[in-house]
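Side-chain atoms are counted along with the backbone in the values below, which use heavy atoms only and exclude waters and symmetry mates. Order of the sequence lines sets the chain letters (A, B, ...), proteins ahead of strands, with each chain counted from 1. A quick note: this is a predicted structure, and the numbers were derived from the prediction, not measured.
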Number of protein chains: 2
Amino acid sequence: MTILSTRLTRVLNVRYPIVSAPMAFAAGGALAAAVSRAGGLGLIGGGYGDLRWLNEQFDAADDERIGVGFITWSLQRSASLLTDVLKRHPAAVMLSFGDPRPFVEAIRKAGALLICQCQNMDHLREALDVHADVIVAQGAEAGGHGGSRGTFTLVPEAADFIAAHSPETLLIAAGGIADGRGLAAALMLGADGVLVGTRLWASKEALVKEPHRAAILASDGDGTLRTRIPDIVRQLPWPDGFTARIRRNTFTARWHGREVELERDIAVEGPRYRLAFEEGDPENTAVWFGEAAGLIHAIEPAATIIERMVNEAAVRLQRHALSHPKH
Amino acid sequence: MTILSTRLTRVLNVRYPIVSAPMAFAAGGALAAAVSRAGGLGLIGGGYGDLRWLNEQFDAADDERIGVGFITWSLQRSASLLTDVLKRHPAAVMLSFGDPRPFVEAIRKAGALLICQCQNMDHLREALDVHADVIVAQGAEAGGHGGSRGTFTLVPEAADFIAAHSPETLLIAAGGIADGRGLAAALMLGADGVLVGTRLWASKEALVKEPHRAAILASDGDGTLRTRIPDIVRQLPWPDGFTARIRRNTFTARWHGREVELERDIAVEGPRYRLAFEEGDPENTAVWFGEAAGLIHAIEPAATIIERMVNEAAVRLQRHALSHPKH
């Protein structure tokens, strides 16, 4: 078995420094459990706070040790959701996209690790202020919601800031990490591990409809863009500064850059969008993957993805060291 | 002396797999020569094609072995420029931002290596079609002109495509690489070396005015954005798909998002911008650096920057290998 231990594997008590992204709707209990069984830490996607769905997903995880992630500004709209979810004893709770302060105490009291996802240096300072155990530095390559900084600069800059201000805090890189090259590169940039979204969205266990799976296999990394249109059409009040990276398709060709018209036509377009999503239509709804699409060529079990990622990273790290003897 | 050899060091006949970006106006002969003397390959920035300036910069390089880079669409406007510059016997010619085909034959005949910079997969296919010796995959983290793909996904996707279609072609990563962590990470992602812009823009040898140097030292990586306004105000016909990453300042706060008004007011704003640039004003003109600003804390000689980058990369590669014994 490949050994790839870091500070993160020790703190999370896992074999590999890999956490699955809590992707809304797609990251259910089956995916989270599969990731944890494979040696990482799986997170259920809390999404916009449907407690019944969340309980079903915790049930589906079959008592595997997993965590959960929330959209922080959305969690704020639902007074009891966090309390109810903490009753399921998640090993970790990840907060993204908003002020973490209202939720920290409850998470601590429940004995869960606190993971805060950051898209820029202001977010990082907020996360250190609440003494997050783990910081996720998420680059704009990521699928779904995110910011504008790139993974390649945000991770080392976050690593430097953490080293100077809170050296015990762990750092995870996110955004564009889909194989062992990405894992090895993230470690070189100063991360203690990685958060994997798009690559696991394209897994057997993810709750993704078949036509959407076909779409990621057909796409290269140029086939996505960042836009506000899925939030406008769903009437979700996402704060400024966040956009969604989704597949370029009929929906984005029609509405990206025409946000005002989309808001005006919401009475027609809202229901039309929801129906297309329910039907698995890959053209008239958002399809939620990131730039890593160009690195993905098969829908596979999460365990296969994680094993290959770890093996490939270990081989790369070893090979480069051998060809570059120390001075 | 640290050894860090790759396929790129052999083909370029250099000690380290590091090439300096041919930054318009900033990358003159002194910087290019300093980079080459330090073990990399320095490139003079061909910019918008001022032959007198280019000849002065080749003179300033003092017969050091260097190359030159051009803005391809701009080079097309000047029939004799390439011919005249090739008389200076550059070791390599880099073409970025446009169709390379009209220039390939002359570059080959002059015995220079052909480097083509790409921002997406279409550009990569064009570069392989003309049999570039070296491909630069440039992520949007980069300062100055570029595209929208992130370094973290574009580099491995380009590596896979090259491996499948033209395995002898070399690959350089660009965009956000400012230290040994970035160099080591780029090698892990599948690159044979790196192109360094912003970090060398902040060198003693770069042709950058003092207030602009002070601005990069004061900035973190959040302090830049991608915009078209410097091209509008200079009336430069940049093709669609390219934007400039520059510092957030008074100029960007005033005009980014107000491109139509800037075009309308060009008779006043054009001269105002040029005067501010000549005066070294860091607020009312574009200041050309990328997201790597957050990793830069001193203006140093290029040789110091390159030595540290190589040493840090070698230590990182070695350390990770030792802590992750092979399975």
Side-chain angles (χ1 to χ4, degrees), chain A residues 1-6 120-122 139-141 148-157 159-161 173 175-190 220-222 225-226 290-295 310-311 313-327, chain B residues 1-6 120-122 139-141 148-157 159-161 173 175-190 220-222 225-226 290-295 310-311 313-327:
Chain A
M1 181 180 294
T2 301
I3 296 165
L4 198 69
S5 59
T6 70
N120 60 37
M121 297 302 289
D122 283 340
E141 294 90 333
S148 59
R149 288 289 305 272
T151 301
F152 212 91
T153 65
L154 183 60
V155 171
E157 188 174 351
D160 287 340
F161 194 89
I177 298 155
D179 58 23
R181 294 175 291 189
L183 170 54
L187 297 178
M188 288 293 141
L189 290 175
D220 68 18
D222 296 343
L225 81 172
R226 287 211 155 270
E291 287 189 2
L295 306 172
V310 170
N311 289 333
V315 168
R316 291 237 156 198
L317 290 163
Q318 192 64 28
R319 187 169 61 202
H320 273 270
L322 292 174
S323 68
H324 303 133
K326 213 168 172 184
H327 38 132
Chain B
M1 182 180 294
T2 302
I3 297 165
L4 197 69
S5 58
T6 70
N120 60 37
M121 297 303 289
D122 282 341
E141 294 89 333
S148 59
R149 288 289 304 272
T151 301
F152 212 92
T153 65
L154 183 59
V155 171
E157 189 174 351
D160 286 341
F161 194 89
I177 297 155
D179 58 24
R181 293 176 292 189
L183 170 53
L187 297 178
M188 288 293 141
L189 289 175
D220 67 19
D222 296 343
L225 82 173
R226 289 210 153 271
E291 287 189 3
L295 305 172
V310 169
N311 289 333
V315 167
R316 290 237 157 198
L317 290 163
Q318 192 64 29
R319 187 170 60 202
H320 273 269
L322 292 174
S323 68
H324 303 133
K326 215 168 169 183
H327 39 131

Given heavy-atom pairs under 4.5 angstrom as the criterion, report whether the side chain, backbone, both or neither of A/Glu141 touches chain B.
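Contact with chain B involves the side chain of A/Glu141 alone.
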
Sequence neighbours left out, what passes side-chain contact (heavy atoms from CB on, under 4.5 Å) with B/Ala313? Give chain and number order.
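By the side-chain contact (heavy atoms from CB on, under 4.5 Å) rule, B/Ala313 matches B/Leu4, B/Leu183, B/Ala184.
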
Does A/Ala173 have any side-chain contact (heavy atoms from CB on, under 4.5 Å) partners at least two apart in sequence or in another chain, and if so, which?
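side-chain contact (heavy atoms from CB on, under 4.5 Å) check on A/Ala173 returns A/Val155, A/Ile177, A/Ala186, A/Ala191.
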
For the residue pair A/Leu189 and B/Arg316, what are the closest heavy atoms and their distance?
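Looking at all heavy atoms of both residues, the closest pair is C-NH1, 4.4 Å.
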
A/Ala159 versus B/Arg181, closest heavy-atom pair with distance:
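Distance-wise, the nearest heavy atoms are CB-NH1, 4.1 Å.
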
What is the distance from atom [atom1] of [X] to atom [atom2] of [Y], rounded to the nearest 0.5 Å?
| X | Y | atom1 | atom2 | value |
| --- | --- | --- | --- | --- |
| A/Leu317 | B/Leu187 | CG | CG | 11.5 Å |
| A/Arg149 | B/Asp220 | CZ | CG | 6.5 Å |
| A/Leu295 | B/Phe152 | CG | CZ | 10.0 Å |

With chain A as the partner, which of B/Ala292, B/Ala293, B/Gly150 has the greatest number of non-hydrogen pairs under 4.5 Å?
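If we count pairs closer than 4.5 Å to chain A, B/Gly150 comes out on top.
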
Under a 4.5 Å cutoff for heavy-atom pairs, which residue among A/Thr151, A/Asn120, A/Asp222, A/Asp122 has the most contacts with chain B?
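Option with the greatest count: A/Asp222.
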
